[in-house]
Q: 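For reference, the structure I am asking about is given below.
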Amino acid sequence: MYDNNNVFAKMIRGEIPTNKIYENEHAMSFYDINPMFETHALVIPKGPYQNILDFAKNAPANEQAEFWDCFAQTADKLGIKCEFNCLANAGADAPFVKQSVFHFHLHLVAGTKTSAFKNLIAEIEQ
Ligand code: AMP
């Protein structure tokens, strides 16, 4: 079940500060607080969707369209054209990287790795 007190829900409600990149009616993007790469943005819908599958199955078409508009505008604002990765973690026991915030978010990363990324990989390989 979706938890209204997750950190991204608080950001959407304006209860905690957000380093925003782009926003439209149904989606927004901001810089990750603990970047794994030189450029690390998170793109989120404003609706209460727990993960990417919940969003794909249950968000109405206008919310899905605005999510992808936000994704494209964010990439443009960051100067990202064709060399990047996107990742959506789902579930506390996801096999690669575990989801820690249970509000759907797409990681958009580009550029060089940070020490946070190297630490994460070392942790996964343990
Ligand atoms: P995940 O493991 O896919 O759930 O990733 C959650 C991401 O949210 C992590 O990369 C965190 O660094 C990021 N994060 C958590 N709190 C904040 C915040 N207040 N502002 C920006 N990013 C955050």
Side-chain angles (χ1 to χ4, degrees):
M1 200 168 76
Y2 183 82
D3 172 13
N4 266 315
N5 283 320
N6 75 74
V7 66
F8 296 166
K10 289 180 183 170
M11 288 163 82
I12 292 163
R13 292 196 295 268
E15 292 168 8
I16 57 172
T18 308
N19 195 358
K20 268 182 211 165
I21 301 167
Y22 181 80
E23 181 172 22
N24 60 30
E25 190 184 347
H26 292 295
M28 66 190 229
S29 63
F30 48 88
Y31 290 98
D32 195 293
I33 204 168
N34 183 30
M36 299 279 160
F37 290 82
E38 197 176 355
T39 300
H40 188 165
L42 298 172
V43 185
I44 66 169
K46 291 183 182 174
Y49 305 101
Q50 212 169 330
N51 61 39
I52 191 169
L53 195 55
D54 184 18
F55 181 70
K57 286 184 175 177
N58 299 313
N62 64 326
E63 293 184 28
Q64 304 227 13
E66 292 223 353
F67 177 82
W68 292 113
D69 165 68
C70 183
F71 168 72
Q73 297 281 351
T74 301
D76 283 354
K77 279 191 173 254
L78 296 174
I80 294 175
K81 290 192 177 76
C82 58
E83 280 160 358
F84 62 90
N85 292 104
C86 283
L87 184 68
N89 304 316
D93 288 319
F96 176 41
V97 181
K98 299 176 189 343
Q99 184 176 7
S100 61
V101 179
F102 294 89
H103 178 110
F104 167 43
H105 50 282
L106 194 63
H107 294 260
L108 170 59
V109 302
T112 54
K113 301 174 182 78
T114 66
S115 53
F117 176 80
K118 292 171 193 161
N119 293 340
L120 175 69
I121 294 301
E123 209 176 284
I124 288 169
E125 283 176 347
Q126 267 176 14

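We count residues from 1, following the sequence as given. We count ligands from 1, going down the list as the structure has it; atoms in each ligand are counted the same way.
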Q: Just need the protein heavy atom nearest to atom 2 (O) of ligand 1, so name the residue and atom and give the distance.
A: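 Residue, atom and distance for the closest contact: Lys98 O, 2.9 Å.
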Q: In Å, rounded to the nearest 0.5 Å, how long is the span from OG1 of Thr74 to CD1 of Ile80?
A: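 Thr74 OG1 to Ile80 CD1: 8.5 Å, rounded to 0.5 Å.
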Q: How does Leu42 reach ligand 1, by side chain, by backbone, by both or by neither, if only non-hydrogen atoms under 4.0 Å count?
A: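 Contact part for Leu42 vs ligand 1: side chain (C-beta onward).
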Q: In terms of the angle between their ring planes, are Tyr49 and Phe55 parallel, tilted or perpendicular, with boundaries placed at 30° and 60°?
A: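 Perpendicular, since the angle between the ring planes exceeds 60°.
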Q: Say whether Ile16, considering both its backbone and side-chain N or O atoms, lies within less than 3.5 Å of an N or O atom on ligand 1.
A: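 No: no nitrogen or oxygen of Ile16 is under 3.5 Å from one in ligand 1.
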Q: Mind checking whether Gln99 has an N or O less than 3.5 Å away from an N or O of ligand 1?
A: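 No, Gln99 has no N/O under 3.5 Å of an N/O on ligand 1.
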Q: Report the nearest protein non-hydrogen atom to atom 19 (N) of ligand 1: residue, atom name, distance rounded to 0.1 Å.
A: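 Looking only at protein heavy atoms, the one closest to atom 19 (N) of ligand 1 is Val7 CG2, 3.8 Å.
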Q: How long is the straight-line distance from CD of Gln99 back to CG of Asn51, given to the nearest 0.5 Å?
A: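 So the gap between those two atoms works out to 5.5 Å.
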Q: Applying the 4.5 Å side-chain criterion to the ILVMFWY set and letting contacts propagate, would Leu108 and Trp68 be lumped into a single cluster?
A: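 Same cluster.
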Q: Would you say Val101 touches ligand 1, if touching means a heavy atom closer than 4.0 Å?
A: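 Val101: in contact with ligand 1 (<4.0 Å).
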Q: Can you confirm, on distance only, whether ligand 1 has an N/O atom lying under 3.5 Å from any N/O atom belonging to His40?
A: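 Looking only at distances, the answer is no, because the N/O contact criterion of under 3.5 Å is not met.
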Q: For Phe37 and Phe117, take the angle between the two ring planes, folded into 0 to 90°, and tell me which bin it lands in: parallel under 30, tilted 30 to 60, perpendicular over 60.
A: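 The arrangement is tilted - the two ring planes meet at 30° to 60°.
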Q: Below 4.0 angstrom from a heavy atom of Met11, which ligand 1 atoms are there? Numbered from 1 as shown, please.
A: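 Those atoms are 20 (N).
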Q: Could you grab the distance from atom NE2 of His105 to atom NE2 of His103, nearest 0.5 Å is fine?
A: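 Those atoms lie 9.5 Å apart.
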Q: Tell me which protein heavy atom sits closest to atom 4 (O) of ligand 1, plus the residue, atom name and distance to 0.1 Å.
A: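 Going by distance alone, atom 4 (O) of ligand 1 is nearest to Ser100 N, 2.6 Å.
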Q: Which residue, Glu66, Glu23, Glu25, forms the side chain to side chain donor-acceptor pair (under 3.5 Å) with Lys46?
A: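 Single pass found, and it is Glu23.
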Q: Between atom OG of Ser100 and atom CG of Asn89, what is the distance when rounded to the nearest 0.5 Å?
A: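 Nearest 0.5 Å value for the OG-CG distance: 8.0 Å.
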Q: Please write down residue, atom name and distance for the protein heavy atom closest to atom 9 (C) of ligand 1.
A: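 Here the nearest protein heavy atom works out to Asp32 OD2, 3.4 Å.
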Q: Look at atom 8 (O) of ligand 1 and say which protein heavy atom is nearest, naming residue and atom and giving the distance to 0.1 Å.
A: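 Looking at atom 8 (O) of ligand 1, the protein heavy atom closest to it is Phe8 CZ, 3.4 Å.
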Q: Check for me, please, whether Tyr2 and Val101 land in the same ILVMFWY cluster - side-chain distances under 4.5 Å, paths through other members count.
A: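 No: no chain of side-chain contacts under 4.5 Å links Tyr2 to Val101.
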Q: Counting distance only, does the side-chain N/O of Glu83 pair as donor-acceptor with the main-chain N or O of Ala110 below 3.5 Å?
A: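 Side chain of Glu83 to backbone of Ala110, a donor-acceptor pair under 3.5 Å: no, none is there.
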Q: Starting from atom 15 (C) of ligand 1, find the nearest protein heavy-atom neighbour and note its residue, name and distance.
A: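 Scanning the protein heavy atoms, the shortest distance from atom 15 (C) of ligand 1 goes to Ile33 CG2, 4.1 Å.
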Q: Could you tell me, atom by atom, which parts of ligand 1 come under 4.0 Å of a heavy atom of Asn34?
A: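 Matching atoms, with element in brackets: 12 (O).
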Q: Going by heavy atoms, is His105 under 4.0 Å from ligand 1?
A: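 His105 counts as a contact of ligand 1 under the 4.0 Å cut-off.
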Q: Where does Tyr31 meet ligand 1, judged by heavy-atom distances below 4.0 Å: at the side chain, the backbone, both, or neither?
A: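 Contact part for Tyr31 vs ligand 1: backbone (N, CA, C, O).
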Q: Mark up the atoms of ligand 1 that fall under 4.0 Å of a heavy atom belonging to Asn89, in ascending order.
A: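 Numbered from 1, ligand 1 contributes 1 (P), 2 (O), 3 (O).
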